[in-house]
Amino acid sequence: MDISKVREDYEAVIGLEVHAQMLTKSKAYSNDINEYGSRPNTNISAISLGHPGTLPRMNKKTIEYAIKLGLALNCEIAEYQHFARKNYFYPDLPKGYQITQDKTPICTNGHIDLKMKDGVKHIGITRIHMEEDSGKSIHDVDVYDSLVDLNRAGTPLLEIVTEPDMCSGDEAYAYLTEIRQLVRYLEICDGNMEEGSLRCDANVSVRKKGASEFGTKVEVKNMNSIRNVQRAINFEIDRQIEMVEKGEEIAQETRSFDAVNMRTISMRTKEAANDYRYFPEPDLQPLHVSKEQVNAVKTDMPVLPNALYEKYTKELNLSDYDASNLIASKPMALYFEELIKHTSNYKGAANWMSGEVRSYLNQQGKTIEEFPIQPERLAALIAIIDEGLVSNSVASQKIFPVMLEDNNKAPKAIAEEGNLIQDTDEDSIVSVIEEVIKQHPGEVERYKGGEKQLVGFFMGQVMKASGGKADPKAANKLIRQKLEE
Ligand code: ADP
Ligand code: MG
């Protein structure tokens with residue numbers, strides 16, 4: 001069925017549930033090590049194995065992290081909360097229940113603004129709550145048996161639930177990109193979707209445009225990249241429209257994304273709502289989060305990407321492109337923050353970051369933390385360009401490589417030692433130009449005959465004859481003057 005003709009008649013409704021594993025040293029309710037990639041079943045204890053008689057104990061760091069994220073997402077922070085047991089049976093859930101927050105999530109009523117091509121899209125955050133991860137069942141390692149690794153059991157999670165405010169795969173893509181950037185800036189989660197430390201379930205439904213009721217939603221799981229979430233949603237929207245067009249009923253179900261065939265397949269249908277028999281967790285005290293505690297987190301908040309974006313576009317007058325590039329990674333942004341303490345040529349600084357610095361890092365497979373040139377030194381290089389001592393190309397081709405080798409040398413010293421200081425003295429540039437003109441009488445004739453583009457040829461010859469040291473601006477002006485004489 002070709003649905004391209006009817007797609008316009010429908011709108012999609014999407015709400016996302018994101019699980020973020022917190023970067024705490026120990027687990028949520030025990031002091032087992034919280035670490036990805038350890039040998040299976042080594043980061044465990046009687047508590048995370050749920051042995052009878054053991055008691056959970058709250059990891060305070062998780063509360064601080066939840067408040068941080070809540071504040072960054074403009075949420076209200078609940079003062080009084082308690083934990084709940086969510087009961088279900090699964091081989092990788094040794095306790096037979098998950099400790100979570102049901103009725104009293106720590107954060108509610110937040111929002112995030114997405115910068116989309118056609119304007120700002122406001123997405124409501126329904127709630128953020130603290131809970132623990134389950135272990136992991138592994139079905140593809142042993143031919144005969146399923147294996148269970150309980151290292152992940154008890155890992156602290158924050159679950160972030162949005163309102164059904166998104167209406168395309170693109171918006172979900174933008175939302176997840178922002179959330180990942182945010183948790184990385186807050187340093188509460190590494191945001192790695194491939195390793196599963198950031199996971200997303202997408203709830204998708206469709207309805208005819210103008211309909212007042214939502215359609216039946218389908219929950220899609222198992223996307224291991226932001227791109228795949230977008231793909232899964234796009235597939236799901238089309239699949240549902242096609243079903244509705246055929247007059248078929250959409251079942252409320254959970255589907256899994258199949259990345260090989262780029263489609264979703266049914267995992268289980270939810271005929272009735274799951275009955276998890278939630279009840280208050282009797283082994284953990286109710287939680288009181290004081291105003292002072294929230295304020296302490298507030299004063300300690302690290303710089304956030306949105307604030308940097310505002311600063312770069314409004315105060316430093318950088319383009320949206322430059323600003324977005326600079327804030328994409330926190331370490332890059334922090335380097336830039338240092339850089340602009342030492343230069344007021346913000347555009348120049350941004351160009352160096354997205355040009356030479358980035359290509360060096362890409363070529364070397366290094367991160368900015370491993371970049372050998374101190375921000376102060378890079379600023380000094382920008383300064384000698386701005387002072388007209390060296391041209392941009394001499395700076396990037398001759399001086400920058402030396403700085404990468406020896407970060408103790410000041411760029412000006414490198415320029416002087418390498419005899420690279422630009423010649424701005426008009427008399428000496430003129431004498432080079434006169435020499436060049438003498439050597440190319442044919443080109444001079446053609447120039448005078450109207451081939452004005454030959455100015456480029458003369459520029460090249462003059463730069464060559466001066467060993468790249470003639471100030472290009474002055475040279476260009478003087479060449480024209482001499483040729484017109
Ligand atoms: P459940 O109890 O099944 O998890 P919730 O009401 O808690 O359902 O919603 C879970 C997520 O699904 C939220 O992100 C919410 O915005 C989204 N959602 C709810 N109804 C719909 C719908 N009809 N279509 C798409 N998403 C929906
Ligand atoms: Mg759900």
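Whatever order the structure lists them in is the order used to number ligands and atoms, beginning at 1.
Contact atoms of ligand 1 toward Glu163: 16 (O) (distance under 4.0 Å to a heavy atom of the residue). Less than 4.0 angstrom separates some heavy atom of Leu16 from each of these atoms of ligand 1: 14 (O). Per-residue contacts place Gly215 under 4.0 angstrom from the following atoms of ligand 1 (heavy atoms of the residue considered): 23 (N). Of all atoms in ligand 1, listed by their number and element, those nearer than 4.0 Å to a heavy atom of Val13 are 24 (N), 25 (C).
Looking at heavy atoms from C-beta onward, Ile63 lies in side-chain contact with Met130 at the 4.5 angstrom threshold.
Taking the six-membered ring for Trp, Tyr346 and Tyr312 have ring centres at least 6.0 Å apart. The aromatic ring centroids of Phe371 and Tyr335 lie less than 6.0 Å from each other.
Among Val161, Val204, Thr162, the residue whose heavy atom sits closest to atom 15 (C) of ligand 1 is Thr162. Compare Lys217, Glu17, Met166 by their heavy atoms: the one nearest to atom 1 (P) of ligand 1 is in Lys217.
In this structure, the side chain of Arg85 does not engage the main chain of Ile99 through any donor-acceptor pair within 3.5 Å. At distances below 3.5 Å, not a single donor-acceptor pair connects side-chain atoms of Gln374 with backbone N or O atoms of Glu376.
Polar contact check, Gln252 against ligand 1: no nitrogen or oxygen pair lies under 3.5 Å apart. Residue-to-ligand polar distances keep Phe214 apart from ligand 1: every N/O pair is separated by 3.5 Å or more.
For the salt bridge (Lys or Arg N to Asp or Glu O under 4.0 Å) criterion with Glu253, the lone passing option out of Lys221, Arg268, Arg239 is Arg239. When each of Lys27, Gln98, Arg199 is paired with Asp133, the side-chain hydrogen bond (donor to acceptor under 3.5 Å, both in side chains) condition holds for Arg199 and for no other.
With a heavy-atom cut-off of 4.0 Å, Asn203 touches ligand 1 through backbone and side chain alike. Heavy atoms of Asp165 found under 4.0 angstrom from ligand 1: none, in either backbone or side chain.
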